[in-house]
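What follows is a single structure, written as structure tokens, with notes after it.
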Amino acid sequence: MPILTSRRQLLAGAAASLALPALVRGATAAAPIKVAAIHASPVENAWNSRIHAAMQSAAADGLIEYKFSEGVSATDYPRAMREYAEGGAQLIWGESYAVENEARAVAADYPQTAFLMGSSGGPAGDNFGVFGTRNHEAAYLAGMLAGKMSKSNVFGSVGGYPIPEVNLLINAFRMGVKEVNPDAKFLIGFIGAWFDPAKAKEAAVAQIDAGADILFGERIGTADGAKERGVKAIGSLIDYSPRYPGTVFANAIWNFRPTVDAIVADVAAGKPVGRDYTEYSFMKYGGNDIIFVANEVPADAVPAMEAKKAAIASGAFQVPIDEKEPG
């Protein structure tokens, strides 16, 4: 069987080193779960980096053994899944947005292997679990800060594709803005790629030229346009503040480790994983949070935002999930 190529390819020897699937017999308390991840983008990509960091953290804690491939094309994705399953991985992580049917077909062929896929669809059978990105609560809070800061009253957003996970994030940002600034106007741009910083920068500049002075950057590269034109930006998934001082004033952070802990516990216990793990991205589990630069936001904007954050964390307030494509 041909071996998948990647600049960080770690598949060598997988068949010899990986144990039998845990769904058959469970796993001992001392044995780390064998996890293989298939990243469609480079692990430096913001979204993938959060999963990668969570997996590395779990491996450092002895919870899992972690192997991965990156930059795997849609045409090669099913083959990569099969190679890891044949190699004995107990849990295969992936992103099935571009290969939904193919990923589900592979999982059906390996019922004793657990799969956790970023997906817009639901779980399937006992072994195909799904998750969605849910840093929308933090995006809402960032919007509350942004709503008090704009001089033009025009807010832009740059996204990858208008899929539900991206739409709800941008819509949540807009809701947060609207809570404190009901007269706000919005611009939107989708670049048709998950990792194309140059294209994201181009889209950002176009929105700035159209009047936006605060941009929500769902994609890497948005802040480059904001920095070049001297406007403000909000980062998503990771903390961009150190990289863009004076430009990025807030970040909607996503923490994937609670999701990793949840599914690994199920695999270790021999439980079915055919369920939706999205809830572990919510703030009440520590799955998302806001980071902001205090001296770059209006002091009078912070108390209302902090009060709303406490309400979200306690369950007293739920940020609406609006998956419609923003216009």
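Other residues, nucleotides and ligands contribute only 12 or fewer heavy atoms inside 6.0 Å of the CD atom of E202.
Counting only N and O atoms by type, the side chains of N45 and E70 include no donor and acceptor under 3.5 Å apart. Counted by atom type alone, N181 and N153 present one or more donor-acceptor pairs between their side chains at under 3.5 Å. Inspection of the E86 and Y110 side chains reveals an N or O donor paired with an N or O acceptor under 3.5 Å. Side-chain N/O atoms of T133 and W47 include a donor and acceptor closer than 3.5 Å.
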Throw together a table of side-chain donor-acceptor distances under 3.5 angstrom for residues 215-226, partners on residues two or more places apart or in other chains.
{"from": "E218", "atom 1": "OE1", "to": "G160", "atom 2": "N", "distance (Å)": "2.8"}
{"from": "R219", "atom 1": "NH1", "to": "W194", "atom 2": "O", "distance (Å)": "2.5"}
{"from": "T222", "atom 1": "OG1", "to": "R219", "atom 2": "O", "distance (Å)": "2.9"}
{"from": "D224", "atom 1": "OD1", "to": "Y244", "atom 2": "OH", "distance (Å)": "2.9"}
{"from": "D224", "atom 1": "OD2", "to": "Y244", "atom 2": "OH", "distance (Å)": "3.2"}

Please list every donor-acceptor pair under 3.5 Å in which a side-chain atom of residues 290-317 meets a protein atom from a residue at least two apart or in another chain.
{"from": "E296", "atom 1": "OE2", "to": "G246", "atom 2": "N", "distance (Å)": "3.4"}
{"from": "K309", "atom 1": "NZ", "to": "D289", "atom 2": "OD1", "distance (Å)": "2.9"}
{"from": "S314", "atom 1": "OG", "to": "A310", "atom 2": "O", "distance (Å)": "3.2"}
{"from": "S314", "atom 1": "OG", "to": "A311", "atom 2": "O", "distance (Å)": "3.1"}
{"from": "S314", "atom 1": "OG", "to": "A316", "atom 2": "N", "distance (Å)": "3.3"}

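By the salt bridge (charged side-chain N to carboxylate O under 4.0 Å, His left out) test, E228 is found to be paired with K201, residues two or more places apart in sequence or in another chain being considered. Applying the salt bridge (charged side-chain N to carboxylate O under 4.0 Å, His left out) rule to K324 yields the partners D322; only residues at least two apart in sequence or on another chain are considered. Residues passing the side chain to side chain donor-acceptor pair (under 3.5 Å) test with D213 are S150, S152, sequence neighbours excluded. With sequence neighbours excluded, no residue forms a side chain to side chain donor-acceptor pair (under 3.5 Å) with Q207. By the side chain to side chain donor-acceptor pair (under 3.5 Å) test, W93 is found to be paired with no residue, residues two or more places apart in sequence or in another chain being considered. Residues satisfying the ring pair (Phe, Tyr, Trp, His ring centres under 6.0 Å) criterion with F195, sequence neighbours excluded, are absent altogether. For the salt bridge (charged side-chain N to carboxylate O under 4.0 Å, His left out) test, no residue two or more places apart in sequence or in another chain qualifies with D239. Under the rule for a side chain to side chain contact (heavy atoms under 4.5 Å, CB included), the partners of T75 that lie at least two apart in sequence or sit in another chain are S73. In this structure D196 satisfies the salt bridge (charged side-chain N to carboxylate O under 4.0 Å, His left out) test with no other residue, sequence neighbours excluded. By the side chain to side chain contact (heavy atoms under 4.5 Å, CB included) test, S119 is found to be paired with S96, E100, R104, V130, residues two or more places apart in sequence or in another chain being considered.
Under a 3.5 Å cut-off, the side chain of N135 and the backbone N or O of N288 do not form any donor-acceptor pair. In this structure a side-chain-to-backbone donor-acceptor pair under 3.5 Å is missing from E65 to P32. No donor-acceptor distance shorter than 3.5 angstrom exists from the side chain of E102 to the backbone of Y77, with no hydrogens or angles considered. Checking side-chain atoms of N127 against main-chain N and O of Q112 turns up no donor-acceptor pair under 3.5 Å. No donor-acceptor pair closer than 3.5 Å links the side chain of N255 to the backbone N or O of R257. Here the side chain of N167 pairs a donor or acceptor atom with the backbone of E323 at under 3.5 angstrom.
Here the rule is ring pair (Phe, Tyr, Trp, His ring centres under 6.0 Å) with F131, and of Y277, F115, Y280, F256 only F256 fits it.
Contact of the I321 side chain with the R134 side chain is registered, since non-hydrogen atoms from C-beta on lie closer than 4.5 Å. Proximity of F68 to Q56: side-chain heavy atoms (C-beta onward) are nowhere separated by under 4.5 Å.
Of the inter-residue distances, the one linking F128 atom CZ with L116 atom CG reads 9.0 Å to the nearest 0.5 angstrom.
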